[in-house]
Every structure is written in structure tokens, then in C-alpha cells.
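Numbers here are sequence positions counted from 1. Just the heavy atoms: all of them, side chains too, but no hydrogens, waters or symmetry mates, feed the values below.
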Amino acid sequence: MTRVLVIEDNLDLAYGLRNNLEIEGYDVDVAEDGSAGLARAGEWRPELVILDLTLPGLDGFRVLKALRERGARMPVLILTARDAESDKVRGLKLGADDYVTKPFGVLELLARVEALLRRGASMPSARATLRFGEVSIDTGTRVVERKGAPVALAPKELDLLLALWERQGSVVSRAELMREVWGYQTDVLSRTVDTHVAELRRKLEDDPARPAHILTVRKAGYRLAL
């Protein structure tokens, strides 16, 4: 069974999510604060984490940062009552893969969980090394290096980079990337793609303001110049 860890201090919400996820066939555990959630993630090694931002003690931002610094690569879905774009962008920059703003529909959340897990399972398991410019990607270990030094990419950042690579320089629209990388079945207007592209440029380009490889094609989308 696929393990899902819910880190949420609102117990009515946490156990409601647990019930719905278990009905869908997931193995679910609940942690009621950030410190307990971080410890449980290290012990139990879930395949996906659902993380509230406004936790007592260690808040969700610090939990997320600690997970990624420890090398945890499972998808993280943020639950937040904060509707400020800056909070969402901060979460994505720290390594979150998606977010849902409270209040939310259970069916929407379940769809996003399924999409995150499906995308992770569909990534290539055969080991190959992909290269462009001074960047190399080991698809087996999902290790990315630039100029021979490892670069820490969030799981969805790497998935996005691989989706661009697969097009071999062709243009891919934001809507296509939302469907392929995030699993949305309809054309969703979102800054998610743009935020992740900005992070990839910051980590992989010599000059993020004048990228040489991760290029914007005006009114069309993005392409990777190999």
C-alpha cells in the first residue's frame, strides 16, 4: 500500500483526510505538529506528504526545508489557509510539488494526490545520463549536477526539466506541462509552471535573467535549448 503522511494540527481535518485516503486504498498516518511530522517522515518513509503550513512549533515551511535538506524526495502537497501568492511561491521554492488552499474539495485533493504519485511512478527507472550545456542528469538516481557539482532540485523541478528534455528542443505549452508534470486533466491557469521554471533557471543557468537553455517562447510556452 502507498504510504501517505498527513501533517496537520486540525485533528478533525487530519482524520477526515485519513478516512478519505484510506477509502481510496492508501496507508495513512497522521502527525499533529511539525516536529512529530518530521520525525515520522524519517522513520516511516512515506511516498507522499500532505503538509499544513500553519503548524505549532515547527511550521510547515521549516518542515519542508528540513525534509529537502535531508534528501527526502517524496512529493509534498501543501495545505494552506494562506491565499497570499508569496506564501505559495515560498513553498514551491522550498521544494513543494503542489498546493491546495483551504477550504478545498476532497475530490480535488484526492485527484492531486493521485497525480503526484502517478507522475513519480512514471519517471524512467532505466539509468541514463542526459546532458545539456554544463548540466548532467542521472535518470536512475535522479541526481543533477552542474559543472560537476550536485544541484538540489525539488522533485517537481526535476520532472519539469525531464519533460522539457523529452521534447528535444521543441516548444511545450504551459497547459501541456500542467497536464504532464502535475496531472491536471484540463487547461488550468496557474503560475506553478512559471515559478518552477524560474527556480530551474536560478539553479542551472549562469545568468537566470538571460537564460541560455531554459527558454521562454512568447505566447507559446517553454523549450530547452540542448
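Ionic pairing of K93 and D87 is not present here: no N-O contact between side-chain nitrogen and carboxylate oxygen is shorter than 4.0 angstrom. One finds a salt bridge joining R167 and E180 here, because a Lys/Arg side-chain nitrogen approaches an Asp/Glu carboxylate oxygen to under 4.0 Å. Ion pair D206/K147 flagged as a salt bridge, since at least one NZ, NE, NH1 or NH2 atom sits closer than 4.0 Å to an Asp/Glu carboxylate oxygen.
Between V181 and A163 the shortest heavy-atom distance is CG2-CB, 3.9 Å. Across all their heavy atoms, P155 and G95 have their closest contact at CD-O, 4.3 Å. Listed here is the closest heavy atom pair of I78 and A96: CD1-CB, 3.4 Å. The heavy-atom pair separating P208 from R202 by the smallest distance is CG-CA, 3.8 Å. In terms of heavy atoms, P46 sits closest to A41 at CD-O, 3.5 Å. Of all non-hydrogen atoms in A225 and A212, the two that sit nearest each other are CB-O, 3.7 Å.
In this structure, K203 places its NZ atom where more than 12 heavy-atom neighbours from other residues, nucleotides or ligands lie under 6.0 Å away.
The shortest side-chain heavy-atom distance between R131 and T129 falls under the 4.5 Å cut-off. Between E205 and I214 there is a side-chain heavy-atom pair separated by less than 4.5 Å. Side-chain contact between L53 and Y99 is absent, with no heavy atoms from C-beta onward closer than 4.5 Å. Within the 4.5 Å cutoff, no side-chain heavy atoms of Y222 are placed close to those of V217. Between R68 and L94, every side-chain heavy-atom pair lies at or beyond the 4.5 Å cut-off. With a 4.5 Å cut-off on side-chain heavy atoms, L204 and L161 count as touching. The shortest distance between side-chain heavy atoms of H213 and V135 does not fall below 4.5 Å. Taking the side chain as every heavy atom from C-beta outward, V4 and E47 never approach each other to under 4.5 Å.
For the atom pair CD of E24 and CE of M1, the computed distance is 11.5 Å after rounding to the nearest 0.5 Å. R18 CZ to L11 CG: the interatomic distance, rounded to the nearest 0.5 Å, is 11.5 Å. Taking CG of L116 as the start and CD of E114 as the end, the distance is 10.5 Å to the nearest 0.5 Å. Once rounded to the nearest 0.5 Å, the distance linking CD of E43 with CZ of R40 reads 6.0 Å. Here CD of E108 is found 8.5 Å from OG1 of T101. Values are rounded to the nearest 0.5 Å. Residue R146 holds its CZ atom at 11.5 Å from OG of S136, rounded to the nearest 0.5 Å.
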Any chance you could lay out the side-chain contact (heavy atoms from CB on, under 4.5 Å) test for T80 and F104, step after step, and finish with the verdict? CA-CA 10 Å; T80 176; F104 55 84; over 6 Å; no
Under the side-chain contact (heavy atoms from CB on, under 4.5 Å) criterion, do K102 and D52 qualify, and how do the steps go? CA-CA 10 Å; K102 301 175 184 177; D52 185 28; 3.2 Å; yes
For E176 and R179, what are the C-alpha separation, side-chain angles and deciding distance, and is it a salt bridge (charged side-chain N to carboxylate O under 4.0 Å, His left out)? CA-CA 5 Å; E176 288 178 278; R179 287 193 295 270; 5.2 Å; no
Check step by step if side-chain contact (heavy atoms from CB on, under 4.5 Å) holds for L13 and V6. CA-CA 10 Å; L13 175 58; V6 177; over 6 Å; no
Would you check, one step at a time, whether the test side-chain contact (heavy atoms from CB on, under 4.5 Å) holds for D33 with D9? CA-CA 6 Å; D33 60 63; D9 64 320; 5.8 Å; no
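E69 contributes no side-chain N or O that, together with a main-chain N or O of A66, makes up a donor-acceptor pair within less than 3.5 Å. A distance-only check finds no donor-acceptor pair linking the side chain of D97 to the backbone of L77 [under 3.5 Å].
No option in K156, R112, K88 other than R112 meets the salt bridge (Lys or Arg N to Asp or Glu O under 4.0 Å) test with D98. The side chain to side chain contact (heavy atoms under 4.5 Å, CB included) test with I137 singles out one residue from L153, L158, V151, and that residue is L158. A side chain to side chain contact (heavy atoms under 4.5 Å, CB included) with I50 is found for one member of L5, L21, I7 and no other, namely L21.
Hydrophobic clustering of Ile, Leu, Val, Met, Phe, Trp and Tyr side chains at less than 4.5 Å, counting indirect connections, keeps L177 apart from V171. No continuous path of hydrophobic side-chain contacts links L164 to V143 [ILVMFWY only; heavy atoms under 4.5 Å]. Under the 4.5 Å side-chain contact rule for hydrophobic residues, L215 and L162 do not share a cluster. Following chains of ILVMFWY side-chain contacts shorter than 4.5 Å, one can reach W165 starting from L200, so the two form part of one hydrophobic cluster.
Donor-acceptor pairing under 3.5 Å is lacking for the side chains of N10 and Y15.
Under the side chain to side chain donor-acceptor pair (under 3.5 Å) criterion, T216 pairs with R201, sequence neighbours left out.
In this structure, R3 fails the cation-pi test against Y26, since its NZ or CZ atom is not both closer than 6.0 Å to the six-membered ring centre and inside 45 degrees of the ring normal.
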